[in-house]
Amino acid sequence: MIGMTNLTLDEKFPDQQIVSAPSLAIGLQQPPKRFYRHGWQSWSLAAWTDLRPPPVQKPAILHPMQVDPAYAKEQRPHGSWVGAVELEGGKILLLGALGLDAHIIATRNQLEGNYESGGGDWFIAYGEETTAFAGYARELGRRLGAKPDKPAPRVWCSWYSLYTAIDENTLLKVLDELGRLPFDVFQVDDGWQVSVGDWEANSKFPSGMKGLAGKIKTTGRRAGLWLAPLIAAKSSRLFREHPDWFLRDEHSRLVSAGFNWGQQLYALDPTHPSVLQWLAALMKQVRAWGFDYLKLDFLYAGALPGRHHQEMPREAAYRKGLKAIREAMGEDAYFLSCGAPIIPSLGLCDAMRIGPDVAGEWENRRDVVFLNNPAVPSTKNAIRTSLHRLWLSPLVQVDPDAVYFRSRECSLTAEQRSLLQSLALICNFKATSDLPAWLTSGEREDLRAFLEAKPGVKQMAQYVFQIDGRPVDFSAALPLPEAPSGAEAIQAALVGWLGNHGWALKINDKMGRDALEKMKKGL
Ligand code: 9PG
């Protein structure tokens with residue numbers, strides 16, 4: 001390939017170096033044992049895998065919201081910005097981009113990195129895994145900005161119990177029942193808005209968002225709010241009124257930002273001046289309502305491939321949007337990014353979700369195994385990917401997602417719940433959605449102790465930690481599921497086919513909402 005810089009891993013290879021090139025390949029003298037694959041955004045898989053071609057994740061209709069769609073069908077082992085191979089003897093070779101739009105590909109005889117547009121610097125490390133990743137993190141911090149000095153607040157978040165079935169009365173009841181449990185933030189998740197794109201209180205919130213934030217603050221807590229500012233649902237007013245604000249491809253067709261809430265999603269173009277103005281006004285609005293903890297979600301949409309209003313690399317477009325958002329919300333707000341393209345978000349947010357969603361389930365067979373999907377909600381998926389992104393800790397407050405203390409409405413074993421809680425202690429990011437009414441008195445006391453804990457954490461081995469002397473081994477969360485065989489393979493093919501159809505996803509969405517309403521009646 002023209003413009004390719006070639007290096008060879010030999011005896012004289014330096015421990016750490018920085019090389020500037022549009023494309024770079026490091027020749028290996030032996031086939032690697034494992035590949036560290038780093039997914040594009042919060043929910044995308046990060047893990048050490050073997051060197052077989054990564055099976056294509058299903059359904060394709062969800063690709064824009066689960067993987068980098070530009071590489072969804074890549075047949076070689078690959079990852080975003082950074083990749084590493086493990087060689088005989090346990091040493092690793094890490095190749096990490098210091099620019100924003102790079103991709104890594106591994107083969108049996110080389111580790112290769114390419115910038116999508118122009119070129120940039122590469123950080124290369126050869127040696128022990130922890131040292132190599134620490135070196136990469138240090139260099140990223142120098143260029144993109146390191147961790148702000150804000151301790152992570154302890155958060156009660158409405159998502160992992162009530163999901164979209166929230167309303168003012170139910171939330172106020174929860175707020176009351178939390179009593180004196182030491183939460184710093186009460187965070188309202190998805191379900192308060194008129195539509196994704198139309199960020200106004202819906203009819204389930206008769207006092208309006210300012211009223212709700214006010215009530216939260218009278219309990220001495222900060223008010224938190226979820227928004228997905230860079231996407232809009234097809235049925236939203238925003239999309240109908242401003243179709244020209246949305247990202248299109250070279251044939252002027254709208255770019256898909258995925259499918260959720262039973263609808264097609266589109267991506268705002270963050271290089272459009274009117275979009276930037278609208279984003280700033282939105283952030284000022286939610287601050288004026290009284291919210292100062294913002295969980296901004298589905299952020300990947302700002303970095304999707306397409307033709308921008310102002311031509312620039314897609315991840316530079318994203319960073320432009322994110323900068324406008326950060327500036328408008330103010331430095332005193334706490335900004336948690338979610339569904340966020342990892343490297344381009346650094347230096348602009350306080351915290352970052354580093355894995356897919358947890359769930360009251362360990363590993364759903366239909367969603368995780370049949371669809372071969374490590375990005376869908378599942379506690380095993382969440383722990384696996386978060387563990388492989390702990391190296392980001394010096395750069396941003398890492399969020400491994402909520403923990404469970406409840407045994408009601410949750411099929412996780414006590415051991416699985418404990419693994420999740422331990423990971424939260426390691427990250428020092430504590431959040432839950434457990435409804436106080438679902439907790440036994442013992443569970444409530446355990447939750448209190450967790451919120452108050454300031455344990456000493458020691459890493460003993462790659463996946464083994466000691467928390468106040470108590471050993472915690474995460475091995476159970478590591479294996480990727482084997483592909484289904486026999487009759488299950490046929491079932492899996494059917495689920496995969498259905499999953500690619502809007503009507504099937506709509507039915508699935510409706511069934512989920514009906515089940516939620518039933519659950520709510522029992523509250
Ligand atoms: C609200 C939720 C919660 C949650 C977020 C995000 O299809 N998907 O791949 C997909 C993944 C995650 C997801 C939604 C869809 O959840 O991570 O905490 O805020 O949105 O809708």
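Just follow the structure's listing: the first ligand is 1, and inside any ligand the first atom is 1. All residue numbers refer to positions in the sequence shown, counting from 1.
F450 carries K430 over the face of its six-membered ring, with the cationic atom under 6.0 Å from the centre and within 45° of the normal.
Taking any N or O of D401, backbone or side chain, none lies under 3.5 Å from an N or O belonging to ligand 1. The distance criterion of under 3.5 Å between nitrogen or oxygen atoms is met by D190 with respect to ligand 1.
Scanning all protein heavy atoms for the shortest distance to atom 9 (O) of ligand 1 gives Q66 NE2, 2.8 Å. Of the protein's non-hydrogen atoms, the one nearest atom 19 (O) of ligand 1 is D189 OD1, 2.7 Å. The single protein non-hydrogen atom nearest to atom 4 (C) of ligand 1 is D357 OD2, 3.2 Å, given as residue, atom name and distance. Ranking protein heavy atoms by distance to atom 14 (C) of ligand 1, first place goes to F298 CZ, 3.6 Å. What sits closest to atom 8 (N) of ligand 1 on the protein, heavy atoms only, is M65 CE, 3.2 Å.
In this structure, a donor-acceptor pair under 3.5 Å is absent between the side chains of Q187 and S158.
Between the choices V67, D297, L227, the shortest heavy-atom distance to atom 6 (C) of ligand 1 belongs to D297.
Between D514 and K518 no salt bridge is recorded (no basic side-chain N to carboxylate O distance below 4.0 Å). Ion pair R221/D184 not flagged as a salt bridge, since none of the NZ, NE, NH1 or NH2 atoms sits closer than 4.0 Å to an Asp/Glu carboxylate oxygen. Looking at R513 and E517, no side-chain N of the basic residue comes within less than 4.0 Å of a carboxylate O on the acidic one, giving no salt bridge.
Taking every non-hydrogen atom of R353 and a distance limit under 4.0 Å, the qualifying atoms of ligand 1 come out as 17 (O), 18 (O).
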